*Asks:* 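Shown below is the structure under consideration.
In what follows, every chain begins at residue 1, and chains take the letters A, B, ... in the order their sequences are listed. What you are looking at is a predicted structure, and each value in this text was computed from that prediction instead of being measured.
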Amino acid sequence: MSEERSLNFLEEIVEEDLRTGKHGGRILTRFPPEPNGYLHIGHAKSICLNFGLALKYGGKTNLRFDDTNPVKEDIEYVDSIKEDVKWLGFEWANELYASDYFNQLYDFAVILIKKGLAYVDDSSAEEIAAQKGTPTEAGTPNQFRGRSAEENLQLFAEMKDGKYPDGAKVLRAKVDLASPNMHLRDPLMYRIKHAHHHRTGDTWCIYPMYDFAHGQSDAIEEITHSICTLEFIPHRDLYNWFIEQLEIFPSKQYEFARLNLNYTVMSKRKLLQLVTEGHVEDWDDPRMPTISGLRRRGYTPASIRDFCDRIGVAKRENMIDVSLLEFCIREDLNKTAWRRMAVLDPIKMVITNYPEDETETMFGENNPEVEGGEGGRDIPFGRELWIEREDFMEEPPKKFFRLGVGLSVRLKSAYIVTCNSFVKDAEGNVTEIHCTYLPESKSGHDTGELKVKGTIHWVSVAHAKTAEVRLYDRLFQVEDPSNEDNDFKEYLNPNSLRILSNAYIENDLATAIPGKGYQFIRKGYFTLDKHSTADKLVFNRTVTLKDGWVKK
RNA sequence: UGCCUGAUAGUAUAAAGGUAGUACGACGGUUUUUGGUACCGUUUGUCUAGGUUCGAAUCCUGGUCGGGCAACCA
């Protein structure tokens, strides 16, 4: 008995198509980004959906760049998109570009002109908009709509040959100016843009619109299931109309609800703005919801795939809690991250009954979640240690399982210590904590009677390395910054990044591996930042540990 | 005022006329050399009004509410 996971609506469609033998049981999907920005977690949903569907049903997926608007697009984005898709763990069958089909698309347009289904319009953008009418009033035809096929053919060729400046003419499909669907009111097929294209260079000065490129590209590739987001529903009639008139492969479009994540923004335009206006470091700033940002933050491909799996696929609008994303990365890292000790906000502890010049070596396993602990590392121990400032309280409340005068804790992987006193400076700040240790309580060899509730982490003062630690919080202070009254940037969280420049880490962390996740015991999951060097170690906090201790 | 969509615990997502379930969150407990993990338990839901039916989240009718549509963007 295999556990039955219910199907989402797209899986049901695919299974039905498989059952009826549509397309001979062949499944081919595509992921079609426009290379005008970096991929974000919303794209990850689409990627997991398109590649996942094909994988599940023995099909394939094409990576196709929807590069029909040269002024917004760039090779930099193409490269980053390929890297991100690969990093997520997917392999495309073919790397394709809508621009590969420019000749074919041009021929398609000629066919429609010959069939009397397309015409060259000399109107301005404003005139065309006005002539389209409104949702409640039909559009009105202009004098260009009646041009002969011969004239249209010649004008279109001249458009292509660069005889006209930008905006002088467009090619329009002749569909239905009275359609209740605005997209069918003689939509534009081609516009003139004397712009350099990142792939076709200056070969073209006319470029097809999305509606005249996407469905045709799907048909050329014989995509069986063309999956896009809800806002393309009104385009579907047009998608089908072009395919029918052209009598090409009948790809079908299906729509699902895009991902919305709270406390962030997801539109490429807004993300670009955050970058260009310097609110974040770059597209891969660890606070960004981009794939590259998440990667730099310490998210793993598996955690993102798991997330996409858990949020499901449906047609209703949604707003997912970031806490689910955080759950997914904790779940993954808990099983894979090596445990290390790091003191983020240090205060000195002196073990007064420990010999001045002595050092010991303690052992700490790498990962208690795995049989055998995946090995471990030596941890130097001495009379003076750094501990976390918040692990000591002058006047500890009840149930404070840490340090205060008279309280005992275990030092992780080492001894039990009891606090006897502390030292304050002139301003009243605690500067040193004095403890005594129980020699018989050594980790793994504890023969003593004393049992303690709390265990704290520490780093030997004599052996500690210094590191910069960057703590990240949500980028925005409100759940849905795009949907507030004011500009979304007014809701930026001023404390989304906190830099601790003087954290102490155990010496083993000096050889931390880039890209690997580490759990700083009791503090969270961290990973090396891309700017980290041997001289200046920099760690990013991926996510905190779940904190079940409710402060009173 | 038109057209297209959608509506199930706090958030997502199942139930294809027959016991409203699952995950995350929250809350409580057990275990613990991480106040983590693991394990156990509790909590809260079918937008609304009618109708069909032995029986409706599901089918029908009306309403309410949300999202989208009038870029030479995708």
*Asks:* From A:Lys252 NZ over to A:Ile243 CD1, what is the distance, rounded to the nearest 0.5 angstrom?
*Replies:*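 Rounded to the nearest 0.5 Å, the NZ-CD1 separation comes out at 7.0 Å.
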*Asks:* Quantified in whole Å, what is the P atom distance between nucleotide B:rG41 and nucleotide B:rG35?
*Replies:*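 My reading of the P atoms in B:rG41 and B:rG35 gives 25 Å.
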*Asks:* Determine the Euclidean distance between corresponding P atoms of B:rG45 and B:rA20; express it in Å to zero decimal places.
*Replies:*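 Nearest-Å result for B:rA20 against B:rG45 at atom P: 13 Å.
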*Asks:* Considering only the P atoms, how many Å lie between B:rU11 and B:rG25, rounded to the nearest integer?
*Replies:*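 My reading of the P atoms in B:rU11 and B:rG25 gives 16 Å.
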*Asks:* Please state the P separation for the pair B:rC4 and B:rG62 - nearest whole angstrom.
*Replies:*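 Per the computed distance, 13 Å lies between those P atoms.
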*Asks:* Between B:rA74 atom P and A:Tyr97 atom OH, what is the distance in whole Å?
*Replies:*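 In whole Å, B:rA74 P lies 18 Å from A:Tyr97 OH.
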*Asks:* Around atom CD of A:Glu16, are there more than 12 heavy atoms from other residues, nucleotides or ligands closer than 6.0 Å?
*Replies:*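 Check passes, neighbour count above 12.
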*Asks:* Give RNA chain B the dot-bracket treatment, 5' to 3': Watson-Crick (N1-N3 with N6-O4 or O6-N4) or G-U (N1-O2, O6-N3) under 3.5 Å, [ ] crossing, | other strand.
*Replies:* .((((((..((((....[..)))).(((((.......)))))....(((((..]....))))))))))).....
*Asks:* Reading RNA chain B from 5' onward, which residue's closest nucleotide shows up sooner: A:Asp446 or A:Pro135?
*Replies:*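 First, find each residue's nearest nucleotide; the 5'-ward one identifies A:Pro135.
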*Asks:* For RNA chain B, whose closest nucleotide is more 5', that of A:Asn367 or that of A:Thr68?
*Replies:*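 Nearest nucleotide further toward 5': that of A:Asn367.
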*Asks:* Which nucleotide, B:rG2, B:rA12, B:rA15, lies nearest any side-chain atom of A:Glu12?
*Replies:*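 For A:Glu12, the side-chain atoms sit closest to B:rA15.
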*Asks:* Taking A:Ser303 for the side chain and A:Ile329 for the main chain, is one N or O donor matched with an acceptor at less than 3.5 Å?
*Replies:*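 Side chain of A:Ser303 to backbone of A:Ile329, a donor-acceptor pair under 3.5 Å: no, none is there.
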*Asks:* What is the separation between atom CD on A:Glu255 and atom C1' on B:rG67, rounded to the nearest whole Å?
*Replies:*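 It works out to 14 Å between those atoms.
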*Asks:* Between B:rA26, B:rC24, B:rC72, spot the one nearest the side chain of A:Phe327, thanks.
*Replies:*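 Of the candidates, B:rC24 comes closest.
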*Asks:* Between B:rA38 and B:rU33, how far is it from one C1' atom to the other, in whole Å?
*Replies:*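 Those two atoms are separated by 16 Å.
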*Asks:* I want to check one thing: is the phosphate of B:rA74, taken as OP1 and OP2, less than 4.0 Å away from some side-chain N or O of A:Arg191?
*Replies:*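 Yes.
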*Asks:* Between A:Arg522 and B:rG35, is there a side-chain N or O to OP1/OP2 distance below 4.0 Å?
*Replies:*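 So the side-chain polar atoms of A:Arg522 do come within 4.0 Å of the phosphate oxygens OP1 or OP2 of B:rG35, strictly under.
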*Asks:* Whole-Å distance between B:rG67 P and A:Asn483 CG?
*Replies:*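 From A:Asn483 CG to B:rG67 P: 7 Å.
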*Asks:* Rounded to the nearest Å, what distance is computed from the NE2 atom of residue A:His197 to the P atom of nucleotide B:rC73?
*Replies:*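 Answer to the nearest Å: 14 Å.
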*Asks:* With respect to the phosphate group of B:rU22, does any side-chain polar atom (N or O) of A:Ser6 fall under 4.0 Å of OP1 or OP2?
*Replies:*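 Answer no for this pair, as no side-chain N or O of A:Ser6 is under 4.0 Å from OP1 or OP2.
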*Asks:* Who passes side-chain contact (heavy atoms from CB on, under 4.5 Å) against A:Arg541, sequence neighbours left out?
*Replies:*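 Expected list: A:Leu471, A:Phe526, A:Thr544.
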*Asks:* Nearest to the side chain of A:Lys132 - B:rU33, B:rA70, B:rC24?
*Replies:*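 Nucleotide nearest to A:Lys132's side chain: B:rA70.
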*Asks:* Answer yes or no: does a side-chain N or O of A:Arg316 lie under 4.0 Å from OP1 or OP2 of B:rU8?
*Replies:*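 So the side chain of A:Arg316 is within the cut-off, an N or O lying under 4.0 Å from OP1 or OP2 of B:rU8.
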*Asks:* Roughly, in whole Å, what's the span from NZ in A:Lys315 to C1' in B:rA14?
*Replies:*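 For the pair A:Lys315 NZ and B:rA14 C1', the rounded distance is 18 Å.
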*Asks:* Output the rounded distance in Å from NZ (A:Lys335) to P (B:rU34).
*Replies:*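 For the pair A:Lys335 NZ and B:rU34 P, the rounded distance is 17 Å.
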*Asks:* B:rU37, B:rC73, B:rG25: which one has an atom nearest the side-chain heavy atoms of A:Ser323?
*Replies:*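 Between B:rU37, B:rC73, B:rG25, the one nearest the side chain of A:Ser323 would be B:rG25.
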*Asks:* Where the side chain of A:Met209 is defined as all heavy atoms beyond and including C-beta, which of B:rC73, B:rG35, B:rC24 is the nearest nucleotide?
*Replies:*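 Ranking B:rC73, B:rG35, B:rC24 by closest atom to the A:Met209 side chain puts B:rC73 first.
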*Asks:* Show me the donor-acceptor pairs, under 3.5 Å and distance only, between side chains in residues 160-171 of chain A and residues at least two apart or in other chains.
*Replies:*
| unit_1 | atom_1 | unit_2 | atom_2 | d |
| --- | --- | --- | --- | --- |
| A:Lys163 | NZ | A:Glu158 | OE2 | 3.4 |
| A:Tyr164 | OH | A:Glu158 | OE1 | 2.4 |
| A:Asp166 | OD1 | A:His194 | N | 2.8 |

*Asks:* If you check the A:His183 side chain, which of B:rC69, B:rU8, B:rA12 turns out closest?
*Replies:*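 Taking heavy atoms from C-beta onward, the closest nucleotide is B:rC69.
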*Asks:* For B:rA23 and B:rU32, measure between their P atoms and round to the nearest Å.
*Replies:*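 My reading of the P atoms in B:rA23 and B:rU32 gives 26 Å.
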*Asks:* Provide, to the nearest angstrom, the distance between the OH atom belonging to A:Tyr164 and the C1' atom belonging to B:rC72.
*Replies:*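 Atom OH in A:Tyr164 sits about 17 Å away from atom C1' in B:rC72.
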*Asks:* How close or far is atom C1' of B:rU5 from atom CZ of A:Phe256, stated in whole angstroms?
*Replies:*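 One finds 15 Å between C1' of B:rU5 and CZ of A:Phe256, rounded.
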*Asks:* Which value, in whole Å, describes the distance between the P atoms of nucleotides B:rA57 and B:rU8?
*Replies:*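 The answer is 15 Å between these two P atoms.
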*Asks:* Kindly point out which of B:rU34, B:rU33, B:rU11 is positioned nearest to the side chain of A:Ser443?
*Replies:*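 Nucleotide nearest to A:Ser443's side chain: B:rU33.
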*Asks:* Would one find more than 12 heavy atoms of other residues, nucleotides or ligands at under 6.0 Å from atom CZ of A:Arg377?
*Replies:*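 More than 12 within 6.0 Å, yes.
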*Asks:* Suppose you measure atom C1' in B:rA9 against the same atom in B:rA26; what distance do you get, rounded to whole Å?
*Replies:*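 These two C1' atoms come out 12 Å apart once rounded.
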*Asks:* Of the options B:rG36, B:rU13, B:rC24, whose atoms approach the side-chain atoms of A:Lys546 most closely?
*Replies:*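 The nucleotide sitting nearest to the side chain is B:rG36.
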